[in-house]
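Heads up: numbering here begins at 1 and tracks the sequence.
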Amino acid sequence: RRGRAGVNPDSPYKGLVPFEDSGLDPLLFFGRERESAIIAENLLAARLTVLYGPSGVGKTSVLRAGVAHRLAQQALRNVEERGHPEFAVVVFDGWSDEPTESLRTAVREALAELFGSALLDEREGELLAETLGRWTDALACDVLLILDQAEEYFLYHQAESGFAVELPELVTRPGLRARVLLSLRDDALAKLDRFKGQIPNLFANYLRLDHLDRRAAREAVIRPVEAFNGLTGESIEVEAELVEAVLDQTAAGQVDFGATGRGLGAEDEVASESIEAAYLQLVLDRIWEEERAAGSDVLRAETLAELGGAEAIVRAHLRRAVQELTSEERDVAADVFRFLVTPSGTKIAHGVEDLADYASVDEQRLLPVLSTLGRERIVRTVDGAGANGARYEIFHDVLGEAVLAWRREQELERERRAAEQRHRRLAIVAVLALIALVGMTAVAIYALAQRREARDSARKAQARELVARSSDMLNEDPLDSVALAARAARLEPNTASVAALRLALLVSHLRRVLRAGAGPVNAAAYDARSTMVVTADADGTARLFSTASGAPIAVLRHDRPVTDAEFSPDGKTVATASRDRTVRLWDRK
């Protein structure tokens, strides 16, 4: 059988796979209609829209199956009504390489699909904004850029070059027929501060995407099954008891991978109104799989209970995958996960060659492990790379905590196996010692070896302690983390210490400290080109510094503390305000 959309879906739920702007996915995507409409309207109305929300809230699904699909349908209606689409929609999420050229290619492909490629020539050395300006003017068509998972750009790129220079041009160039939506996790929102001096009113148009509320989550459970029935002609039902049980168990905070492994589900706890969309889809997909395997046409609360509840299902998703690995392969997976997930649970993409180098494992041993984890949707390839050059990352943000929890367990298991091996060796040594009582010379030599091993063990233990402290300090003070990891590597240059140093260097970055006046700094501002910074100091001075060298340029004095300071748009004048009730204008020297 084939449904009305020309496809016969296997399941109404997606698990951890994001909904796409495809022929089928939007037909099964429910609960986010209002948010999709609001985001689409903002994208059409503003040059820059910033969308942010917690990890795992479902931003990618909303942007692709909700916003992009809605806008693409509107463009088709425009063609029918006016003979012209008026805009083209581009969804982009390839950040590990410098993204400018990939984004230019994505725009060209989207416009070529609508108009052909005759007018879409490329010129060497041209800024992305200039290219889009020529293309959109020639085609009389706007470009709507949806930049998804933009927090990854700041993870992979620190330099103020490439796309960091292109983005301000895209959203500030007068007359450019381009609209940009930046989507990123709320914990990365502060990363946009680097653009404050280049993009006026950077946060003038920002939207927060929260977790599903209970009403919307209920629709995300029930309505996909109704749509599935309409597409396939089947009559699948969902028990009301299952709906409420799933919503209770996937409420924000209920699925927990802490040391205790317990959520917040005390009997007297009031169920949260915020529902974790990713966990909801994963649990529903697992129940659907179980019911279909049993030949059942009803999704039942009893099945959820038999599977151990939502948290058990989420934990089992990872465990089912690693159970297919041998003990040696599980050790490889644990070593690799160290470089795919930071201690704070953030995912990072790496190529096979880099992962093999970081984890000190042969590529031929690593590839079968990645293949198994990919088949089980624990890791995936990104950026559309081929099998040989693929970058791998954790399949979904919500798996970060589960991966960290499993890796800790695997490391404990590895230590337990190592301890058993040591005990067996010691037992053999003891037997031999009893048998060879007369071999006192051999015993003496062995004692010396043990003392040396004890010293080595003490040194290794100290190195492990430094590695652990480096990991703990990674997010709080990256530079201190680097120092601790470096001490560990000098003390014991083994795989763990070298890996800790590499990871600390990966997430640390350089800072410059400017010494202002004697008192606190009340305000600071950059000039339009970010070549100078002015500070308003409580000691009655405003001070100019060079951002390139950090050297002071000038001191502007008031009789009382200076409360504010700003550059004029052309950067030639500095305005200062003071508690001496004066505002003074200074020519920049």
Side-chain angles (χ1 to χ4, degrees), residues 9-19 28-33 35 54-58 61-62 210-229 234-258 260-321 377 396-399 401-402 405:
D10 295 324
S11 170
Y13 305 115
K14 295 282 288 183
L16 294 182
V17 181
F19 286 85
L28 302 173
F29 184 61
F30 293 97
R32 291 294 197 183
E33 293 79 5
E35 292 92 337
S55 174
V57 77
S61 294
V62 171
D210 286 313
H211 291 294
L212 288 166
D213 61 32
R214 204 169 180 88
R215 177 200 60 78
R218 190 174 287 108
E219 289 191 355
V221 177
I222 298 172
R223 294 188 63 188
V225 174
E226 296 174 352
F228 178 90
N229 290 338
E234 297 194 44
S235 300
I236 308 299
E237 299 178 5
V238 184
E239 283 186 353
E241 294 84 353
L242 172 65
V243 176
E244 299 309 314
V246 169
L247 296 186
D248 287 343
Q249 294 182 32
T250 57
Q254 290 293 332
V255 178
D256 177 29
F257 295 100
T260 62
R262 297 181 58 190
L264 304 177
E267 293 182 359
D268 57 351
E269 183 94 20
V270 177
S272 170
E273 289 299 310
S274 297
I275 308 300
E276 298 265 14
Y279 290 145
L280 179 67
Q281 285 288 325
L282 179 59
V283 171
L284 290 170
D285 190 52
R286 181 71 182 92
I287 294 172
W288 174 272
E289 177 185 303
E290 196 74 11
E291 297 287 12
R292 299 298 275 180
S296 170
D297 288 336
V298 179
L299 306 186
R300 300 167 298 146
E302 181 182 352
T303 302
L304 173 63
E306 290 173 352
L307 292 171
E311 184 172 321
I313 290 173
V314 176
R315 287 180 176 273
H317 177 71
L318 177 61
R319 295 185 184 282
R320 289 168 66 191
R377 294 178 178 174
H396 196 288
D397 285 341
V398 298
L399 288 176
E401 290 296 331

To the nearest 0.5 Å, what is the distance between [atom1] ([X]) and [atom2] ([Y])?
X    : Y    : atom1 : atom2 : answer
L307 : R286 : CG    : CZ    : 5.0 Å
Y279 : E311 : OH    : CD    : 9.0 Å
L212 : E276 : CG    : CD    : 9.5 Å
S61  : Q281 : OG    : CD    : 7.5 Å
L284 : E291 : CG    : CD    : 11.5 Å
E244 : R214 : CD    : CZ    : 5.0 Å

Taking all atoms of both residues into account, what is the closest heavy-atom pair of [X] and [Y], and its distance?
X    : Y    : value
D210 : R32  : O-NH2, 2.9 Å
E219 : P224 : O-CD, 3.2 Å
L280 : A220 : CD2-CB, 4.3 Å

Are the side chain of [X] and the backbone N or O of [Y] linked by a donor-acceptor pair below 3.5 Å?
X    : Y    : answer
E33  : G31  : yes
E241 : A301 : no
Y13  : V221 : yes

Whether F228 and W288 hold their rings parallel, tilted or perpendicular, with breakpoints at 30° and 60°: perpendicular
Pair D213 + R218: basic N to acidic O under 4.0 Å: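 Answer for the salt bridge query: no.
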Heavy atoms, side chains only, cut-off 4.5 Å: are [X] and [Y] in contact?
X    : Y    : value
I222 : E237 : no
H211 : I275 : no
V243 : L299 : no
T303 : E239 : no

